[in-house]
Amino acid sequence: MTKNPNVLKWVDEMIALTKPDKVVWIDGSEKQLDELRAEAISTGEMIELNQEKLPGCLYHRTQPNDVARVEDRTFICSKKREDAGPTNYWCDPAEMYAKLTPMYDGVMKGRTMYVIPYSMGPIGSPLAKVGVELTDSIYVVLNMAIMTRMGADAFKNLGDESNDFVRGLHSKANVDPENRYIVHFPEDNTIWSINSAYGGNVLLGKKCFALRIASYQGWKEGWMAEHMLILGVKKPDGEVKYITAAFPSACGKTNLAMLIPPEGYKKDGYEVFTVGDDIAWMKQGEDGRLYAINPENGFFGVAPGTNEKSNPNALECTKKGTIFTNVAINNDDMTVWWEKLDKNPPVNATEWKGAKVNGVEYTAEGNNLAHPNSRFTAPAVNCPCISPEFNNPQGVPISAIIFGGRRASTTPLVYQSFDWNHGTYIGSAVSSETTAAATGAVGVLRHDPMAMKPFIGYNVGDYWAHWIEMGKKLGDKAPKIFNVNWFKQDEDGNFIWPGFGDNMRVLDWIIKRCEGTIDAEETAIGYLPKKGDINVEGIEDEVTPAVMDKLLAVDKDLWTKEVAEMRRYYKEEIADKGGRLPAALTAQLDALEARINK
Ligand code: GTP
Ligand code: SPV
Ligand code: MN
């Protein structure tokens, strides 16, 4: 399939190490994929769903101990510890290779190794990059077929000589949580993953390559790899404005990317197009602006909460050619169900761990039928609002970058930074209540700078300095930077902003700010909407002026605490731990504090 000696040599070495019975090169053809589907169904690895209602859809269940990313077993193995920085677990690369090599030795005996060539980004795009993943899991092959441009074409992009491909080695081994390792060697372009079979740990093109390795490559090569959705908003005048947004895992990227505008906006001619829902690679274009591509080819979305009302576009994506992982099965008709899909859990259900239960009784007792981090893997082409620019090799020009997270208080619905460096500060200050997307406690406030804490493949201080550097390069062509919070709560813990489609109202303000057609209130923390400038037509009953006041409040006491916490964070979690904190960010924090105290 390729004559590239670098690929062939490395594959041979990995075969010698893992000793599979058989090696299959994945060409990307439907015929080969069909054979793999049939094989996986015959062994029980995948379950065939109702092919009339859900054509081409399959179901997979992972081990109950293997349902999310495992951040405490994820390593960045740069040669020097300081180069991994304080946000990563680090191990000396030689030591890590020595530890893992015996674990991989003969691990594929009795199994087949699949050699998966793939491109992150449209084939032929100057922003795209090639990876090769070796795996013993058909589930991984079938997911990579949806999530990437997979198959022989990817090798065309690499050429016969280049050594610029990411080497991914995955074995599910015994799915032993005690010996689970997700390891990155950024200086070797290499990822080793063992003893997991869950999404983000094993679809090595996604978080491992497109964020951890790519963020490192972007730093070295002058571009950016970010945990961001990309969307286009078509305005009544026909112009499309592109926006990226970084929210931590399970904080609303897929939902915002596929937003359906409220009736009034639709009537006026607004439309939203999805370019990406999780990852953006961004590079300065010839005209000086920042351009973004989505390196992925599908959506690995959170199932629970997805429904006809919250995200009909995402739901539509899952109607064909989709793999469901850890949701519930309705045994009456072999369809799928998850929490909040509708109000009718199936009576004759199989819950995500595989037990047959009465779904009505089971959920009434407070149990989840689907795992909170259960996922769908759906092809991007299924998306009713996929952007016509989705495959544009040059990407789309970005007008605004948005940060956000789950914050019950403090952070207003929306505000704009004074400039790029202030926006970089705001990104560095993102914190969010944790979700089920990673193992560990849920609902704990933690710092998650740029929503990239688990994904920065090098020193976080160098990463921030790279942001500041990009701002200098982009100059007055730089996107404007904003912060949003869809998750403000009242005293009883209810969200006070309706969210979802109504987030269009905030995008509307953001776009007008980018165009310079709307004024703003200058506050200590940044520019906020003036009274009446967030359009609430149609939701006046819910978002009364009093509620809007709460949504846009900048509480001096809370912000004084926020600044104190950022001081502590910058010092104790970053600078004191070798985080190479850029002086420009300390200056931003000083300036913010001064403005608050004024
Ligand atoms: P990853 O795939 O893990 O990176 O997650 P994501 O950022 O794409 O999150 P997603 O859009 O899947 O949303 C996760 C959860 O947040 C779902 O349960 C949604 O229902 C909920 N959610 C998304 N948008 C909103 C919103 O505007 N308001 C509220 N209240 N909840 C939201
Ligand atoms: C996330 O956790 O941010 C995801 C899912 O998008 S995973 O692929 O598991 O990382
Ligand atoms: Mn994500």
>> A cation-pi test, strictly: NZ or CZ of Arg73 under 6.0 Å from the centre of the six-membered ring of Tyr181 and no more than 45 degrees from its axis. Yes or no?
In response: yes

>> side chain to side chain donor-acceptor pair (under 3.5 Å), that's the test. Do Ser432 and Asp448 meet it? Break it down for me.
In response: CA-CA 7 Å; Ser432 189; Asp448 192 350; over 6 Å; no

> Quick one: salt bridge (Lys or Arg N to Asp or Glu O under 4.0 Å) partners of Glu71, sequence neighbours excluded?
Replying inline: Arg69, Arg446

>> Are Ser249 and Phe455 packed together at the side-chain level, in the sense that at least one heavy-atom pair is separated by less than 4.5 angstrom?
In response: yes

> Sequence neighbours excluded, which residues qualify as side-chain contact (heavy atoms from CB on, under 4.5 Å) partners of Ser387?
Replying inline: Tyr242, Phe273, Val275, Glu389

> Is there a side-chain contact between Met1 and Asp27 (heavy atoms, below 4.5 Å)?
Replying inline: yes

> Do Pro454 and Thr74 have side-chain heavy atoms sitting under 4.5 Å apart?
Replying inline: no

>> side chain to side chain contact (heavy atoms under 4.5 Å, CB included), that's the test. Do Trp90 and Ile76 meet it? Break it down for me.
In response: CA-CA 5 Å; Trp90 174 86; Ile76 300 295; 5.6 Å; no

> Quick one: side-chain contact (heavy atoms from CB on, under 4.5 Å) partners of Glu52, sequence neighbours excluded?
Replying inline: Asn50

>> Taking Lys206 first and then Asp278, would you say they form a salt bridge - that is, a charged N and a carboxylate O separated by under 4.0 Å?
In response: yes

> For Ala465, what residues pass the side-chain contact (heavy atoms from CB on, under 4.5 Å) criterion, not counting sequence neighbours?
Replying inline: Pro582

> Is there a side-chain contact between Lys156 and Ile123 (heavy atoms, below 4.5 Å)?
Replying inline: no

> Quick one: ring-ring contact (aromatic ring centres under 6.0 Å, His included) partners of Tyr104, sequence neighbours excluded?
Replying inline: Trp192

> Should the heavy atoms of other residues, nucleotides or ligands under 6.0 Å from NZ of Lys80 be counted, would the total exceed 12?
Replying inline: no

>> Show every ring-ring contact (aromatic ring centres under 6.0 Å, His included) that has at least one partner inside residues 17-38, sequence neighbours left out.
In response: none

> Who are the ring-ring contact (aromatic ring centres under 6.0 Å, His included) partners of His170, not counting sequence neighbours?
Replying inline: none

> Under the side-chain contact (heavy atoms from CB on, under 4.5 Å) test, which residues partner Lys473, sequence neighbours left out?
Replying inline: Gln284, Met470

>> Quiz question: by atom type and distance under 3.5 Å, do the side chains of Tyr291 and Asn392 form a donor-acceptor pair?
In response: no

> So, do Pro248 and Thr435 sit near enough that their side-chain heavy atoms are less than 4.5 Å apart?
Replying inline: no

> Quick one: which of Asn294, Thr254, Asn255 gives a side-chain hydrogen bond (donor to acceptor under 3.5 Å, both in side chains) with Asp277?
Replying inline: Thr254

>> Run Arg180 and Asn65 through side chain to side chain donor-acceptor pair (under 3.5 Å) and show every step you take.
In response: CA-CA 11 Å; Arg180 187 166 295 155; Asn65 71 35; 2.8 Å; yes

> Any chance the side chains of Asn201 and Ser193 put a donor and an acceptor closer than 3.5 Å?
Replying inline: no

> Do Ser399 and Arg289 come close enough that some side-chain heavy atom pair is under 4.5 Å?
Replying inline: yes

>> List the residues meeting salt bridge (Lys or Arg N to Asp or Glu O under 4.0 Å) with Lys9, not counting sequence neighbours, and say none if there are none.
In response: Glu13

> For Phe403 and Met450, what are the C-alpha separation, side-chain angles and deciding distance, and is it a side chain to side chain contact (heavy atoms under 4.5 Å, CB included)?
Replying inline: CA-CA 7 Å; Phe403 293 113; Met450 278 80 173; 3.5 Å; yes

>> According to ring-ring contact (aromatic ring centres under 6.0 Å, His included), does anything in residues 30-69 pair up with another residue at least two apart or in another chain? List the pairs.
In response: His60-Tyr139

> Between Phe300 and Tyr198, what is the ring plane arrangement, given parallel below 30°, perpendicular above 60°, and tilted in between?
Replying inline: tilted

> Can you list the steps and then say if Lys220 with Glu187 is a salt bridge (Lys or Arg N to Asp or Glu O under 4.0 Å)?
Replying inline: CA-CA 11 Å; Lys220 295 281 165 183; Glu187 291 143 359; over 6 Å; no

> Hey, is Lys31 close enough to Asp34 for a salt bridge, meaning N to O under 4.0 Å?
Replying inline: no

>> Using side chain to side chain contact (heavy atoms under 4.5 Å, CB included), reason through Ile15 and Met113 one step at a time and then give a plain yes or no.
In response: CA-CA 8 Å; Ile15 291 171; Met113 173 193 278; 3.8 Å; yes

> What's the shortest heavy-atom distance between Lys53 and Thr335, and which atoms?
Replying inline: CD-CG2, 3.8 Å

> Under the side chain to side chain donor-acceptor pair (under 3.5 Å) criterion, do Asn4 and Ser162 qualify, and how do the steps go?
Replying inline: CA-CA 7 Å; Asn4 187 306; Ser162 172; 5.5 Å; no

>> Determine whether Asp136 and Ser171 satisfy the following criterion, side chain to side chain donor-acceptor pair (under 3.5 Å), listing intermediate values before the conclusion.
In response: CA-CA 6 Å; Asp136 52 9; Ser171 174; 2.6 Å; yes

> Parallel, tilted or perpendicular: which fits the ring planes of Tyr458 and Tyr216, with parallel below 30° and perpendicular above 60°?
Replying inline: perpendicular

>> Suppose we screen for salt bridge (Lys or Arg N to Asp or Glu O under 4.0 Å). Which residues come up paired with Lys19, at least two apart in sequence or across chains?
In response: Asp105

All N/O donor-acceptor pairs, side-chain side in residues 127-134, below 3.5 Å, sequence neighbours left out:
{"unit_1": "Lys129", "atom_1": "NZ", "unit_2": "Asp164", "atom_2": "OD2", "d": "3.3"}
{"unit_1": "Lys129", "atom_1": "NZ", "unit_2": "Glu221", "atom_2": "OE1", "d": "3.3"}
{"unit_1": "Glu133", "atom_1": "OE1", "unit_2": "Leu204", "atom_2": "N", "d": "3.0"}

>> So if I apply the side-chain hydrogen bond (donor to acceptor under 3.5 Å, both in side chains) rule between Asn189 and each of Arg167, Gln217, His184, which one comes out positive?
In response: Gln217

